[in-house]
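In what follows, every heavy atom counts, from backbone to side chain, and hydrogens, waters and symmetry copies are set aside.
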Amino acid sequence: MQETLTTPSLSGPSQSSISTQDRSSTAGQTSSTGPPPSKPSTIPPPVKSKGLSSRAGVRRMRRIIAEDVEWSLAIVPFLTELCIQHIVKNFQNNPILKQLLPEHQKKVLNNLPPDLPLTVTANLIDDENYWRRCCLQRWPVCHVDKHGGSWKRMFFELHLENLLKHFIPSTTDPAVILNLLPLCRNYVRTIRVDQFLPPVQLLPPPQSGDLSDSGSEGEMEELATDHYQLGDLVAGLSHLEELDLVYGVKDCGMNFEWNLFLFTYGDCHSLAATVKACHTLKIFRLTRSKVDDDKARILIRSLLDHPALEELDLSHNLIGDRGARAAAKLLSHSRLRVLNLANNQVRALGAQSLAHALAHNTNLISLNLRLNCVEDEGGQALTHALQTNKCLTTLHLGGNELSEPTATLLSQVLSINTTLTSINLSCNHIGLDGGKQLLEGMSDNKTLLEFDLRLSDIAQESEYLISQALCANREAARQRALNPTHFMSPITAKGPENPGG
């Protein structure tokens, strides 16, 4: 074995020396004789040396191509990179972040997967880029502007809303929502829920003779179906400012039943107590939930003297005059700035109650009563209130069966009122004479910027001239915004320059 192993190494030099001698002899012959012969001398190829070079190439290839396909001899990671990879890989079991340098924290956060448990990431990671990736992974369409421009707040608000929309009373464990409170209480400021599922009820099988062919489902007794109670959840959210709720079911399909759209008295009493206890609440919306007068009175009673409420929206419900009277009382016992009772059943008596409260109110800036039926009796009462009210800027009375008497009185108000900037009288019966009266009132008004008179039966000429007056008011308002000192009174303008005079 030793001879066979050493033979190639011994034969190598002899062959190389022979080839060298042959080269020197041929070189001498060419130099002495002149031009080289036409037939070149052939030298046998070094077979064994070729074998050695191929063997060396094999060894070189084995050196570069390791058994780990991701490992390469040419690129060796730094120790820092290896440590960061290890931290990312084991972050769920050993979350190391605050101890790292800022540049290393950034690398770790950029490589963390967005599906880590919230118990690990909620109170540890504040990086907006990480929460942006978490949001985009779950919701392809994201409007972060609706959540204060914060991706982390958006994630927790949408995650909580998703849990509430799919909560089934008596079936889903309430701990699923309450266990999220320690993680999201510092970030959730808005709750928007457009669906509340009722409890699953197993109806007894019908007995023979109970139902006839002429019977209908409406004659069956409806069972009470209270929904998820928000009391414990809202009590744990110390920064909650907006509550937007709709009691109904979306996409019920062929499983439609009327009890899927019930806002029960149990729900009403529970929600009233919840809103009353939430002293940070600024906006409360309860729409499309079949809230009638009795339930509206229960809710509004809990909002009297609320320390922070600024906007109340009970639109698209069944509120009548008694509910409107309760809302008028709220205007006198709160700091409410926006009241929306659109698309309800408010008539003249309810509008008169609101007008009485509006005449002495100093906080409300927007009142929306569109799609009710206040008629001229209620419209004139509201218009009279505008003669003394000095804070309301937006009034919406579209679709209220108003006619010329209301327009005549409103034209007198326009000539003296200096706070209203937007009025909507669309879809009423103002008429030609009413339009002329409003045009006459607009000739002395310099503050109104928007006046919607579509589908109100006024003449095109009157509508055009009113729009020209509005354009002039808007241009004057723009100039005042650009040069506020130019429109100041002379005494105010000269005051800082000549304090003594």
Side-chain angles (χ1 to χ4, degrees), residues 310-316 319 324-325 327-328 330-332 334 336-344 346-430 434-435 437-442 444-456 458 463 466-467 469-470 473-474 477:
E310 297 180 357
E311 179 177 345
L312 176 63
D313 186 352
L314 297 175
S315 59
H316 308 287
I319 300 174
R325 193 179 301 118
L330 179 64
L331 292 179
S332 304
S334 70
L336 206 63
R337 296 178 62 82
V338 178
L339 176 61
N340 190 347
L341 296 176
N343 193 18
N344 277 281
V346 180
R347 296 186 177 274
L349 292 177
Q352 289 173 351
S353 300
L354 290 172
H356 180 73
L358 189 63
H360 307 284
N361 186 272
T362 57
N363 295 312
L364 195 70
I365 62 174
S366 177
L367 176 62
N368 191 340
L369 290 174
R370 69 183 181 93
L371 297 179
N372 283 279
C373 192
V374 301
E375 298 181 327
D376 285 323
E377 188 176 356
Q380 288 177 318
L382 291 170
T383 306
H384 273 297
L386 295 178
Q387 294 178 348
T388 57
N389 181 275
K390 301 301 180 182
C391 60
L392 194 71
T393 61
T394 302
L395 177 63
H396 200 324
L397 293 175
N400 272 277
E401 300 293 332
L402 302 178
S403 61
E404 183 181 345
T406 301
T408 302
L409 188 58
L410 182 60
S411 67
Q412 301 174 10
V413 173
L414 290 176
S415 60
I416 60 175
N417 186 283
T418 58
T419 57
L420 278 171
T421 59
S422 176
I423 300 178
N424 192 316
L425 294 180
S426 60
C427 302
N428 285 295
H429 307 291
I430 303 300
Q437 295 288 338
L438 293 175
L439 176 60
E440 184 178 350
M442 282 297 302
D444 298 326
N445 185 282
K446 305 300 179 183
T447 57
L448 197 64
L449 306 179
E450 297 179 2
F451 200 175
D452 194 343
L453 292 168
R454 293 173 297 172
L455 302 177
S456 57
I458 70 172
E463 189 173 0
I466 289 174
S467 66
L470 294 174
N473 290 349
R474 285 194 287 266

Could you report the tightest heavy-atom contact between Ala328 and Ala357, atom names first, then the distance? O-CB, 3.4 Å

For a quick test of reading the model, state the closest non-hydrogen atom pair linking Asn400 to Gly398 and the distance between them. ND2-O, 3.2 Å

Are any non-hydrogen side-chain atoms of Glu401 and His429 less than 4.5 angstrom apart? yes

Are any of the side-chain heavy atoms of Leu448 and Leu470 separated by less than 4.5 Å? yes

Go through Leu382 and Leu369 one step at a time and tell me if the side chain to side chain contact (heavy atoms under 4.5 Å, CB included) criterion holds. CA-CA 11 Å; Leu382 291 170; Leu369 290 174; 3.7 Å; yes

Looking at residues at least two apart in the chain, or sitting in another chain, which of them share a side chain to side chain contact (heavy atoms under 4.5 Å, CB included) with Thr419? Asn417

Measuring only between side-chain heavy atoms, which start at C-beta, is Leu312 closer than 4.5 Å to Leu341? no

Side-chain contact, heavy-atom cut-off 4.5 Å: Ile423 with Asp452? no

Locate the shortest heavy-atom distance separating Leu367 from Leu358; write the atom from each residue and the value. CD2-CD2, 4.3 Å

Please confirm whether the backbone N or O of Leu331 pairs with a side-chain atom of Asn361, one donor and one acceptor, at under 3.5 Å? yes

Taking atom types as modelled, find out whether Asn343 and Ser315 have a side-chain donor-acceptor pair closer than 3.5 angstrom. no

Does CZ belonging to Arg454 count more than 12 external heavy atoms closer than 6.0 Å? no

Out of curiosity, Thr421 OG1 to Ile365 CD1, how far, rounded to the nearest 0.5 Å? 9.0 Å

Under 4.5 Å between any side-chain heavy atoms of Leu425 and Leu410, yes or no? yes

For Ser353, what residues pass the side chain to side chain donor-acceptor pair (under 3.5 Å) criterion, not counting sequence neighbours? none

Residues forming a side chain to side chain contact (heavy atoms under 4.5 Å, CB included) with Glu440, sequence neighbours excluded: Gln437

I want to check something: taking the side chain as every heavy atom from C-beta on, are Cys427 and Leu455 in contact at a cut-off of under 4.5 Å? yes

Quick one: pull up OG1 in Thr418 and NZ in Lys390 and give me the separation to the nearest 0.5 Å. 5.5 Å

Scanning both residues in full, the closest heavy-atom pair of Ala407 with Ile430 reads CB-CG2, 3.7 Å

Please check: side-chain N/O of Asp444 versus main-chain N/O of Ser415, any donor-acceptor pairing under 3.5 Å? no

Distance col, row Leu349:CG vs Leu354:CG, nearest 0.5 angstrom, shows 11.0 Å

Heavy-atom side-chain contact between Leu386 and Leu395 under 4.5 Å: yes

Could you tell me whether the side chain of Met442 reaches within less than 4.5 Å of the side chain of Asn473, counting heavy atoms only? yes

How many angstroms lie between CG in Leu392 and CG in Asn363, if you round to the nearest 0.5 Å? 11.5 Å

Measure the OG1-CG distance between Thr408 and Leu438 for me, rounded to the nearest 0.5 Å. 8.0 Å

Within this structure, what is the OG1-CG distance for the pair Thr394 and Leu364, rounded to the nearest 0.5 Å? 9.5 Å

If you compare all heavy atoms of Val346 against all heavy atoms of Ala324, which two are closest, and at what distance to 0.1 Å? CG1-CB, 3.9 Å

Smallest heavy-atom separation, Leu409 atom then Gln380 atom, equals CD2-O, 3.6 Å

